[in-house]
Amino acid sequence: MKLNYYRRDWTLYLQDCPCDLHFVQYLESRQVSDKLIFHFGTGEHHLVGKTNYERGNPNEILAVTLSRGEYDAYIDFVIANPAAANYYKVFFADIYTLSSRMLPSFDIATLFHLCEYYDDREYRDDEDYSEFEKSGEPHLNSAYARLDDAGVLELFLGKLNPGGKLLFFKGSSMWEWKPEKVVKAAISRGRLVVEDEYESLLICGLAS
Ligand SMILES: C[S@@+](CC[C@H](N)C(=O)[O-])C[C@H]1O[C@@H](n2cnc3c(N)ncnc32)[C@H](O)[C@@H]1O
């Protein structure tokens, strides 16, 4: 059994994946400051953390990556810019292995890649996989992780401060197939309400 780690170092592809850019624009346009933010999926570019630093660190960000290269890029960034580490922390983890006790409460959590990478079946034929990996054992979160996608959503619903927000990426290639359904299910259960939209992002709050 292997961790379903992320095989790429994701550079910015704004045409296909503008969520991080839209998020930093959202934070700036709404003048969001003094918030603790959880960010799912740093990319190798670390746009969210680096932009926060360039803007004078208005917020504190804890971000997760499951890519060795993206984590290395973070290490290089904070070695060169140690003051940035006060406001931008990245950890290497499979989001499906997190628990409530391991996390603080957040004001904002981005779940942009919910339902994109759980159990890697859909992606076995694309360029992310070497011939060795295609022929090898599948990497299944379900074989080892305590959470699935609904569990991740439930975890972060439980980690939101009053007035906190969960952000989703409507431009995800998976959106209609799965994340939208998971979000709609949480809305029907009376857990979540849609508050706003910004470009490709759906902004939700806790239902009262
Ligand atoms: C397509 S990239 C997008 C990166 C960035 N958010 C962007 O839009 O440019 C997907 C991101 O999700 C992270 N990722 C994938 N599966 C993950 C998992 N199970 N737990 C934590 N992070 C994961 C990857 O490391 C990567 O940073």
Side-chain angles (χ1 to χ4, degrees), residues 1-14 16-24 27 35-55 57 59-104 106 108-120 122-124 126-130 132-133 136-149 151-152 155-156 159 167 169 172-174:
M1 185 196 306
K2 269 193 184 173
L3 186 75
N4 186 18
Y5 65 97
Y6 191 65
R7 291 16 156 231
R8 294 170 74 164
D9 306 337
W10 185 267
T11 47
L12 262 187
Y13 292 104
L14 292 178
D16 295 335
C17 198
C19 49
D20 285 16
L21 177 67
H22 290 162
F23 183 51
V24 299
L27 293 174
K35 301 294 185 207
L36 181 59
I37 297 172
F38 177 88
H39 182 49
F40 176 7
T42 64
E44 186 265 346
H45 48 76
H46 293 276
L47 183 75
V48 172
K50 286 183 178 174
T51 306
N52 189 58
Y53 179 54
E54 283 156 17
R55 290 186 181 148
N57 297 312
N59 297 294
E60 294 186 33
I61 299 165
L62 183 63
V64 68
T65 176
L66 199 48
S67 151
R68 186 191 294 270
E70 294 176 5
Y71 194 48
D72 282 346
Y74 172 72
I75 294 170
D76 290 341
F77 172 60
V78 288
I79 286 175
N81 304 279
N86 291 304
Y87 297 90
Y88 183 49
K89 290 266 178 271
V90 172
F91 63 112
F92 177 89
D94 181 345
I95 197 166
Y96 299 103
T97 63
L98 296 179
S99 77
S100 181
R101 280 204 295 198
M102 290 174 176
L103 295 172
F106 296 97
I108 297 176
T110 69
L111 296 183
F112 296 157
H113 306 297
L114 191 70
C115 306
E116 287 186 351
Y117 300 109
Y118 187 79
D119 286 356
D120 73 352
E122 296 79 30
Y123 300 94
R124 295 282 278 182
D126 77 17
E127 80 265 17
D128 290 9
Y129 294 89
S130 65
F132 172 76
E133 283 179 312
E137 228 183 281
H139 296 198
L140 300 176
N141 310 74
S142 55
Y144 61 82
R146 58 171 106 204
L147 300 175
D148 58 10
D149 287 296
V152 166
L155 171 67
F156 283 94
K159 299 304 315 183
L167 273 64
F169 176 40
S172 165
S173 55
M174 299 283 148

Heavy atoms, side chains only, cut-off 4.5 Å: are Y117 and I95 in contact? no
Name the one of D149, D148, N4 that satisfies side chain to side chain donor-acceptor pair (under 3.5 Å) with Y96? D149
Test your reading of the model: is there a side-chain donor-acceptor pair from E70 to the backbone of W10, 3.5 Å cut-off? yes
Restricting to non-hydrogen atoms, name the atom on A93 and the atom on V64 that form the minimum distance, rounded to 0.1 Å. O-CG2, 3.2 Å
Do you know the tightest heavy-atom contact between S67 and D9? OG-OD1, 3.2 Å
Interatomic distance, CD1@I37 vs OG1@T110, rounded to 0.5 Å, equals 8.5 Å
Can you tell me if NZ on K50 sees more than 12 non-hydrogen neighbours from other groups inside 6.0 Å? yes
Between F169 and C17, does a side chain to side chain contact (heavy atoms under 4.5 Å, CB included) hold up when you go through it step by step? CA-CA 9 Å; F169 176 40; C17 198; 4.2 Å; yes
For residues V78 and V90, determine if any side-chain heavy atom of one lies less than 4.5 Å from a side-chain heavy atom of the other. no
Can you list every pair that meets side-chain hydrogen bond (donor to acceptor under 3.5 Å, both in side chains) and has a residue in residues 72-92, with sequence neighbours left out? H46-Y88
Hey, could you give me the CZ/CG distance between R146 and L155, rounded to the nearest 0.5 Å? 9.0 Å
So how far is it from F77 CZ to E44 CD, rounded to the nearest 0.5 Å? 12.5 Å
Side-chain donor or acceptor of K159 paired with backbone N/O of L103 under 3.5 Å: yes
Under a plain distance cut-off of 3.5 Å, with no hydrogens placed, do D94 and Y5 share a side-chain donor-acceptor pair? no
Rounded to the nearest 0.5 Å, the CD1 atom of I61 sits from the CZ atom of F38 at a distance of 12.0 Å
Students often mix this up, so state it plainly: with edges at 30° and 60°, are the rings of H113 and F40 parallel, tilted or perpendicular? perpendicular
How long is the span from the OG1 atom in T42 to the CZ atom in F91, to the nearest 0.5 Å? 11.0 Å
Between H45 (side chain) and T11 (backbone), is there a donor-acceptor pair under 3.5 Å? no
Nearest 0.5 Å, what's the CG-CZ distance between L27 and R55? 7.5 Å
Any donor-acceptor pair under 3.5 Å from D20 side chain to V48 backbone: no
When you look at F156 and L114, which way does the side chain to side chain contact (heavy atoms under 4.5 Å, CB included) test go after all the steps? CA-CA 11 Å; F156 283 94; L114 191 70; over 6 Å; no
Would you confirm whether D119, through its side chain, and S142, through its main-chain N or O, come within 3.5 Å as a donor-acceptor pair? yes
Would L12 and L21 satisfy side chain to side chain contact (heavy atoms under 4.5 Å, CB included), going step by step from the backbone distance to the final call? CA-CA 9 Å; L12 262 187; L21 177 67; 5.6 Å; no
Any side-chain to backbone donor/acceptor pair from H39 onto G41? Under 3.5 Å, distance only. yes
